[in-house]
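Accompanying notes for the structure given below.
A, B, ... follow the sequence lines: proteins, then strands. Residue 1 opens every chain.
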Amino acid sequence: MSMSIEYHFFLKSFRKTRWGAYRYWGVVRKSYASRVVDRIYDYYFAGAKNLKIEYWRYYRNEFASYEDYLIKRFNLHAQEAEKLDSYRAYYKELTFEEDEQIPQLMEDENIASSFKAFSGGVYI
Amino acid sequence: MSMTCLVQTVTMNEIMQAMYSELMEFVSCIGNLQTLWWLVCAIFAVAVFAAFVVYFRENVNHISMLQIEEFSEAQKYIPELYIELNRNMECIRYFTHRNTWRRRIIREYNNLFSNTLGKQVVKEIDEPVLFKRIPYYASYKKVMEAIQSRIDLLETALKSSEENMLKYGEKFYFLRGSLYQTPKKLKLLYEQCEMAQARAMVVVGSAGNGKTNLLCKTVETIMANKQPCLFINARNINKNCYDYIAGQLLPEFLVAYSPLYLRVVSFLLAFQRKKFYIVIDAINENDSTLFAESIGELTDKLAKYKSIKVLYACRSEYFQARYSRFFDCTIKKPYVFHLEQVEYSERAKKTLLMSYRQHFNVSGPIYPAAVGRMMRSLFLMRLFFEVNQNKTSQNLELRDAEIYKAYFDAVARRVEPFDFSGIVDRISGIMVSQKCYDGVEMSELNLSTTDVNFFKTALDENLIISRNIHIGKGIAETSVEYVYFVFDELRDFCLARYVLVSSLKNGDNAYTQYFDFAGELYCNHLSPIEGILKYGYYYFKVNDRSDLCKKILEKYSDFDPDEVNPGHWMDTRQRVFHDFGIALIFQDSQNILKFEEEHIKSRVENAPQLYWDVFWYLLRNERASVQPDLELAIILLVKNTPFRTTKSIVTAFFSDRNDRYLHLRSEKRRKIEILCDRAEQIEKRWGQLSQSFKQLFVILAALEPMEAELAPYEKYVLSKEIVEPILNVCSEELKSAIKDLVYRQKMYKKLNSHVIFYDMGD
């Protein structure tokens with residue numbers, strides 16, 4: 001048995017860039033804190049794929065609609081699929097992410113809640 | 001008027017003459033055709049051939065649709081129950097999309113080290129292989145070479161050697177820590193490339209793992225992508241595999257031209273940048289030697305056509321033993337894809353359970369332990385829901401004995417008037433008498449040809465299967481047909497039922513035969529012992545034979561199932577209870593009897609940690625609001641229990657306080673922290689904590705007064721409703737500990753109010 005597959009879905013915006021993350025957490029670039037923020041950003045956001053583009057490019061024949069794709073391919077709920085029905089919707093698979101310390105960091109309630117507020121996405 | 005008539009008559013005559021001459025010409029044409037009959041036939045054949053080429057996709061897809069419908073009717077494929085639980089379907093998509101998905105792999109490859117950590121790693125290793133990107137138009141061959149070179153490089157760089165230590169210094173450990181997952185990802189990308197490139201692929205998975213569902217979904221995907229696909233059940237193939245497929249594609253008189261036909265089709269598909277997929281399900285279900293031997297031939301023949309791909313599915317139990325050798329001798333060996341056995345994510349589990357509940361109309365609460373077990377076997381889940389269909393209110397537990405019995409009854413009803421149960425009993429009887437529990441020779445069942453056919457239809461390849469086994473070589477070579485049980489648990493159920501029924505028939509009220517049989521299995525460490533005891537215990541309990549249940553508990557409580565079944569699918573980590581006697585008791589947890597409570601207490605007295613197995617099980621029930629809940633845990637902990645035992649149980653719970661290696665364990669938190677979390681969740685879910693839960697916190701706080709985590713729950717000690725039931729049944733020492741806690745709480749409250757007053761004044 002190996003580990004399960006994990007995904008992070010979010011809506012991209014100007015706020016959800018690396019600079020936006022610095023600003024959100026109030027850290028100065030190239031400081032120690034900014035390195036922590038970098039790692040969080042890398043873990044959850046860097047290299048994310050656009051859901052609509054993925055759907056149109058690879059799955060449009062297989063699934064009847066974009067929402068159907070989100071529900072059947074990723075087991076998302078209908079409400080979540082509705083929320084992610086946007087060209088700004090991105091997802092990232094976290095299964096092979098290297099930085100194991102970030103999930104440990106997220107065990108801290110304050111950090112987890114501030115990250116949740118920043119991401120505003122769905123983690124499954 | 002007469003003039004007009006005359007003109008009409010002349011015109012009619014002319015028309016008649018013209019028609020006559022036309023007819024004569026036509027007849028003479030037929031005469032000519034009679035001499036040129038071969039030309040007519042050739043034109044007809046070419047026309048039919050052309051029609052079959054033109055309507056190729058419609059024809060094959062229609063056959064596939066019929067096959068899917070057949071599976072749906074037989075309930076082997078239920079589209080609503082298909083959930084993407086892991087990466088299997090995604091991997092097969094690479095096989096079906098080939099070139100269109102290559103860009104995806106290249107993108108993954110190029111972005112592998114694009115984040116901050118990756119850039120640091122690349123900088124440290126400083127090898128061009130790591131930062132070189134592949135262009136999006138690169139062929140699969142190039143991509144695979146690039147991936148392989150990265151894998152090789154990382155393997156060399158991460159090897160613990162003096163050379164690496166000198167080269168990277170202290171950063172070697174940073175590299176090892178930062179590149180733990182990357183080789184795995186590279187290997188996955190490499191496998192995806194192999195799948196995309198493969199002309200033939202074999203999907204291998206254990207029984208009840210969802211192979212047929214996966215294949216049906218794949219076929220639907222291929223058809224949705226407007227590609228031709230021929231879906232065949234291997235059971236239906238009654239001749240050479242290639243001939244059967246040719247027969248499906250062309251009418252009988254054109255089968256001889258099938259190579260030409262496939263060549264033309266392949267050529268035309270290449271223009272359209274499409275592939276023709278031939279999907280053959282369950283090759284292990286076809287016993288004929290002709291079929292088995294023709295699989296390799298088929299693979300080789302179809303490998304000649306660039307636009308044809310073949311996908312087989314085979315049960316893993318038979319693949320290595322029987323079918324792999326047919327593929328090994330092919331020129332182009334197929335890619336063997338072992339279905340992934342990953343732990344499903346919570347979301348996937350939830351979705352799966354919901355879809356099963358909806359489909360089978362089961363809305364009652366299901367025991368969490370039952371859900372956990374079902375998630376390890378989709379087949380067991382299917383049986384559970386089929387048996388409990390339309391049950392809406394009861395608490396549902398996974399009672400294997402009842403599930404297997406109901407399933408056997410259903411199969412027996414389906415094949416009436418054939419005596420299916422009788423045959424199963426006969427198989428069990430032969431196993432018991434021969435002391436051989438792997439399989440029984442078909443000839444020993446003494447079945448007539450009709451009965452054998454009936455039996456094979458009834459088997460359904462899910463529970464019991466028959467196989468031809470080849471033994472000997474050269475002149476001594478022969479084949480023997482054996483009958484097996486697919487699941488060991490099911491075999492144990494049949495054996496237990498057989499022995500118990502035999503005892504009943506012989507009027508053996510003490511079930512001596514059963515106990516003798518169990519004793520023999522136990523002494524010889526034979527694998528059916530676990531199931532025999534489990535089903536026997538359940539049977540005795542249901543039939544109010546507490547004396548016999550006690551006998552089993554006394555004799556076999558120390559039995560360790562891992563000793564006889566080391567490779568059992570329910571391995572040690574997945575067992576809920578680490579004591580066999582307690583596991584036997586909780587297989588029917590809704591009805592815990594007095595003597596069972598006493599037994600648990602006696603076991604816990606010797607090994608306090610066993611209490612916590614039971615506790616976590618009951619806590620899950622409490623969360624799901626099913627019985628038995630934490631009330632039983634309180635009874636076991638304090639009711640007429642010596643203080644020494646209670647104290648040792650509580651001490652065992654807090655033993656992780658000074659655990660230096662806690663951060664290295666899978667669950668990095670202390671048990672008390674987890675318990676407090678669960679309490680919060682339950683309070684959130686049901687609005688308040690149960691009385692038993694509050695009592696538990698009181699007992700823990702009384703015995704571990706220095707535990708900070710318990711501080712928010714100590715207040716419950718001031719409530720008489722909570723404390724008095726404990727004080728009525730517990731030991732004197734615990735009573736005084738609780739009274740101390742009450743005193744402390746009262747003092748604290750008094751002090752607190754004073755402090756508040758003082759603060760206010762300040």
Give a yes or no on this: more than 12 heavy atoms of other residues, nucleotides or ligands lie within 6.0 Å of atom CZ of Phe14(A).
no
Looking at side-chain heavy atoms only, is the closest gap between Lys119(B) and Asp42(A) below 4.5 Å?
no
Electrostatic pair Glu93(A)-Lys185(B), nearest N-O below 4.0 angstrom:
no
Geometric cation-pi criterion, Arg104(B) with Tyr58(A): 6.0 Å, 45°
yes
Report yes if some heavy atom in the side chain of Arg93(B) is under 4.5 Å from a heavy atom in the side chain of Tyr59(A); otherwise report no.
yes
SB check Arg73(A) Glu84(B) (cutoff 4.0 Å):
yes
Inter-residue atom distance Arg39(A).CZ - Leu117(B).CG, 0.5 Å rounding
7.0 Å
Considering only heavy atoms from C-beta outward, does the side chain of Glu62(A) approach that of Met89(B) to under 4.5 Å?
yes
Quick check: does any side chain N or O of Asn115(B) sit under 3.5 Å from a backbone N or O of Ala46(A), one acting as donor and the other as acceptor?
no
Is a side-chain donor or acceptor of Glu98(A) paired with a backbone partner of Gln181(B) at a separation under 3.5 angstrom?
yes
Look up atom CG in Asn61(A) and atom CD1 in Ile222(B), then write down how far apart they are to the nearest 0.5 Å.
12.5 Å
Interchain contact, Glu97(A) with chain B, by part (heavy-atom threshold 4.5 Å)
both
Given heavy-atom pairs under 4.5 angstrom as the criterion, report whether the side chain, backbone, both or neither of Tyr43(A) touches chain B.
neither
Using side-chain contact (heavy atoms from CB on, under 4.5 Å), reason through Thr100(B) and Arg57(A) one step at a time and then give a plain yes or no.
CA-CA 9 Å; Thr100(B) 41; Arg57(A) 204 176 268 171; over 6 Å; no
Flag the one option from Gly177(B), Ser178(B), Gly118(B) with the top tally of heavy-atom pairs under 4.5 Å to chain A.
Ser178(B)
Could you tell me the separation between the NZ atom of Lys350(B) and the CG atom of Asn75(A), rounded to the nearest 0.5 Å?
11.5 Å
Answer key: most heavy-atom pairs under 4.5 Å with chain B among Arg35(A), Lys49(A), Lys72(A) is Lys49(A)
